[in-house]
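Notes follow the structure.
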Amino acid sequence: MSPSSLLAVHHHLLAVALVATTLLLLAGAGECHGAALKAHFYRHSCPAAEAVVRDIVLARVAADPAALPARLLRLFFHDCFVRGCDASVLIDSTSRNTAEKDAAPNASLGGFDVIDTAKAVLEAVCPGTVSCADIVALAARDAVSFQFGRDLWDVQLGRRDGVVSRASEALANVPRPSDNFTALEANFAGKGLDVKDLVILSGAHTIGVAHCNSFAARLSGSGPNSAGAADPTLNAAYAAQLRARCGPAPAAASNNATAVAMDPGSPAGRFDAHYYVNLKLGRGLFASDAALLTDRRAAGMIHRLTRQGYFLQEFRNAVRKMGHVGVLTGGHGEIRRNCRAVN
Ligand code: HEM
Ligand SMILES: *[C@@H]1O[C@H](CO)[C@@H](O)[C@H](O)[C@H]1NC(C)=O
Ligand SMILES: *[C@@H]1O[C@H](CO)[C@@H](O)[C@H](O)[C@H]1NC(C)=O
Ligand SMILES: *[C@@H]1O[C@H](CO)[C@@H](O)[C@H](O)[C@H]1NC(C)=O
């Protein structure tokens, strides 16, 4: 062998070793729980993925712009807060297991059929490739963005689907509307989200509705801050309006049929900073909304957030962070064929 061909072999071996090391490192990263998600994860494996979800979601939202964006955004939140964003919220109960969606905080979750439709099309186009968890993340973004005609935030992809869904975990992890600031901060901290994330993500309550049983405790004397009267942190005129809608105290507490807008004074589906305007006026609907005024750090953020541009910019960052909570990547979890059941 001539010296030059020896050199070539040597270079070749070096290259092979480098490639092998890189592959090992990549595989290692892929195995890691919480490895990075990335933009356009399906660019090669399923190029149509993002467009398919967008087309289906936009068509459905066009037919129901006031209610559907709120449903899909809340679905994403509940998914991410229980076992991470792994589509566990979509799994149906079986004879042997009561799933997250059948826990009390589920009441009024919706949008499942939109996810099912997107999944069915994607399974036909690229079987076994696109996770239900990524569909939920995309659907929330696309639905809320509809009214703006542009994407409000970027969605990193590559989540995989979990195989466990337990009602007890929804009860333990989804914050309650009666929670005080200490409880909310601790809950969010458990997901790697800070006080700023809590204040900004609560702004999601600019769209959608709540049922009387979620806030009735603030109207009568049974709330944590009240003794025989309405919660004193609730604006009196607003409390009177809510009482008129929900009915007298004992019945209101179990009234899950009457829905009220969560951001009165702003059109039902409009995603805007008006939630914070209401908050400042004592018109935060839940005790958990009003609680944001009880912490110095949180309260100090509210005024700036009444500016639309600032709210949208900050929401973009916070919702992206929420979408990374506890994600399964690489070899963890699975790609469910049917979002309602593990494979
Ligand atoms: C901070 C703690 C939170 C609590 C205690 C809470 C609680 C609730 C409750 C009780 C409802 C009404 C359920 C009903 O009565 O039907 C609701 C609705 C909603 N929540 Fe939250 N939530 C919180 C944070 C979030 C976050 C972080 C998001 C999303 C980023 C979100 C998005 C929504 C939306 C969009 C609705 C309206 C749903 C609809 O109209 O179908 N919430 N929330
Ligand atoms: C929510 O959970 C309750 C049980 O707590 C169940 O009876 C109800 O059907 C569930 N609702 C939905 C929409 O899944
Ligand atoms: C609403 O309340 C009724 C009776 O109180 C109950 O049967 C029903 O399951 C509840 N619906 C939801 C969605 O929680
Ligand atoms: C907040 O609520 C928890 C229960 O969830 C309670 O133990 C705690 O004392 C409350 N904190 C304040 C400051 O009210």
Side-chain angles (χ1 to χ4, degrees), residues 61 64-82 85 89 103-112 114 136-137 139-141 143-144 152-153 170-191 193-218 223-225 233 242 245-246 252-263 268-272 275 279 284-292 294-295 298 311 314-323 325:
V61 170
D64 189 7
L68 191 51
R71 294 213 182 92
L72 290 168
L73 183 58
R74 185 167 178 236
L75 192 61
F76 184 37
F77 162 54
H78 279 226
D79 185 30
C80 293
F81 266 58
V82 190
C85 319
V89 70
N106 77 1
S108 67
L109 278 181
F112 297 104
V114 180
V136 170
R141 188 272 310 272
V144 174
L152 269 198
W153 63 87
L171 280 170
N173 287 281
V174 174
R176 276 177 284 263
S178 57
D179 280 350
N180 60 30
F181 189 84
T182 312
L184 292 170
E185 181 180 8
N187 182 315
F188 274 62
K191 313 295 171 200
L193 300 171
D194 59 23
V195 168
K196 189 175 181 192
D197 299 319
L198 165 62
V199 173
I200 292 158
L201 289 170
S202 293
H205 289 168
T206 174
I207 52 173
V209 296
H211 296 83
C212 293
N213 55 329
S214 297
F215 55 84
R218 303 186 74 202
N225 305 320
T233 66
L242 293 171
R245 291 288 306 281
C246 292
S254 56
N255 179 352
N256 62 12
T258 305
V260 307
M262 290 206 296
D263 185 20
R270 191 164 150 60
F271 196 82
D272 62 16
Y275 164 84
L279 211 53
L285 185 53
F286 304 138
S288 62
D289 296 313
L292 301 180
T294 67
D295 176 81
F311 168 58
E314 292 298 324
F315 194 83
R316 174 183 305 143
N317 299 330
V319 76
R320 179 191 150 119
K321 212 167 147 187
M322 186 180 90
V325 171

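Indexing begins at 1, ligand by ligand and atom by atom, following the structure's order. Please read these numbers as outputs of a predicted model, since none were measured by experiment. Below, each value reflects all heavy atoms present in this structure, side chains not excepted, and no hydrogens, waters or symmetry copies.
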**Request:** Nearest heavy atom to atom 42 (N) of ligand 1 wins, so pick from Glu185, Met322, His205.
**Result:** His205
**Request:** Using heavy-atom distances, let me know which of Ala259, Gly323, Ser214 sits nearest atom 15 (O) of ligand 1.
**Result:** Ser214
**Prompt:** Considering distance alone, does some N or O of Ser288 sit under 3.5 Å from an N or O of ligand 1?
**Reply:** no
**Request:** Could you tell me whether Arg71 and Asp64 make a salt bridge, using a distance below 4.0 angstrom between a side-chain N and a carboxylate O?
**Result:** yes
**Request:** Determine whether the side chain, the backbone, both or neither of Pro177 has a heavy atom under 4.0 Å from any heavy atom of ligand 1.
**Result:** both
**Request:** Could you tell me whether ligand 1 has any atom less than 4.0 Å away from a heavy atom of Leu198?
**Result:** yes
**Asked** Considering Ala268, Gly269, Ala204, which one's heavy-atom position lies nearest to atom 29 (C) of ligand 1?
**Response** Ala204
**Prompt:** Do Thr206 and Asp272 have side-chain N/O donor and acceptor atoms under 3.5 Å apart?
**Reply:** yes
**Request:** Might you work through the side chain to side chain contact (heavy atoms under 4.5 Å, CB included) test for Leu201 and Val319, ending with a clear yes or no?
**Result:** CA-CA 7 Å; Leu201 289 170; Val319 76; 4.2 Å; yes
**Message:** Contact between ligand 1 and Gly110 is defined here as a heavy atom of the residue under 4.0 Å from a ligand atom; is it met?
**Reply:** no
**Request:** Considering only non-hydrogen protein atoms, determine which one is nearest to atom 6 (C) of ligand 4 and report residue, atom name and distance to 0.1 Å.
**Result:** Asn180 ND2, 4.1 Å
**Prompt:** How does Val319 reach ligand 1, if at all, at less than 4.0 Å between non-hydrogen atoms: by side chain, backbone, both, or neither?
**Reply:** neither
**Student check: side-chain heavy atoms of Phe112 and Leu75 closer than 4.5 Å** = yes
**Asked** Who's closest to atom 36 (C) of ligand 1 heavy-atom-wise, of Arg71, Arg176, Met262?
**Response** Met262
**Prompt:** Just distances here: any N/O of Ser108 and N/O of ligand 1 closer than 3.5 Å?
**Reply:** yes
**Prompt:** Any idea how Phe286 and Phe215 line up, ring-wise: parallel (<30°), tilted (30 to 60°), or perpendicular (>60°)?
**Reply:** tilted
**Request:** May I ask whether Asp179 places a heavy atom under 4.0 Å from ligand 1?
**Result:** no
**Message:** Taking the side chain as everything from C-beta on, heavy atoms only, tell me whether Asp197 gets closer than 4.5 Å to Lys321.
**Reply:** yes
**Asked** Of all the atoms in ligand 1, which lie at a distance below 4.0 Å from a heavy atom belonging to Pro175?
**Response** 2 (C), 3 (C), 5 (C)
**Item:** Enumerated ligand 1 atoms positioned under 4.0 Å from heavy atoms of Ser202
**Value:** 1 (C)
**Atom of Gly284, atom of Arg218 and distance for their closest heavy-atom approach** = O-NH1, 2.7 Å
**Request:** Go through the steps to decide whether Val260 and Leu242 satisfy the test side chain to side chain contact (heavy atoms under 4.5 Å, CB included), and finish with yes or no.
**Result:** CA-CA 8 Å; Val260 307; Leu242 293 171; 4.1 Å; yes
**Asked** Is it true that Phe315 and Phe271 have ring centroids separated by less than 6.0 Å?
**Response** yes
**Asked** For ligand 1, which atoms, with element, lie under 4.0 Å from some heavy atom of Ala210?
**Response** 12 (C), 14 (C), 15 (O)
**Message:** Once rounded to the nearest 0.5 Å, what's the spacing between atom CZ of Arg141 and atom CZ of Arg316?
**Reply:** 11.5 Å
**Request:** Report yes if Phe286 has an N/O atom closer than 3.5 Å to an N/O atom of ligand 1; otherwise report no.
**Result:** no
**Asked** For atom 4 (C) of ligand 4, is the nearest protein heavy atom closer than 4.0 Å?
**Response** no
**Message:** Test of understanding: given a 4.0 Å heavy-atom threshold, classify the contact between Ala70 and ligand 1 as side chain, backbone, both, or neither.
**Reply:** both
**Message:** Would the distance check show the side chain of Asn187 and the main-chain N or O of Asn173 forming a donor-acceptor pair, the cut-off being under 3.5 Å?
**Reply:** yes
**Fill in**
The protein heavy atom nearest to atom 13 (C) of ligand 4 is Thr182 OG1, 4.1 Å
**Asked** Looking at Gly208, which atoms of ligand 1 are within less than 4.0 Å of one of its heavy atoms?
**Response** 37 (C), 40 (O)
**Asked** Which ligand 1 atoms, with their elements, are less than 4.0 angstrom from a heavy-atom of His211?
**Response** 14 (C), 15 (O), 16 (O)
**Request:** Of the side chain and backbone of Phe188, name the one, both, or neither that has a heavy atom under 4.0 Å from an atom of ligand 1.
**Result:** side chain
**Prompt:** Hey, what do you get for CG (Leu184) to CG (Asp295), rounding to the nearest 0.5 Å?
**Reply:** 10.5 Å
**Fill in**
For Ala139 and Leu72 the tightest heavy-atom approach is O-CD1, 4.1 Å
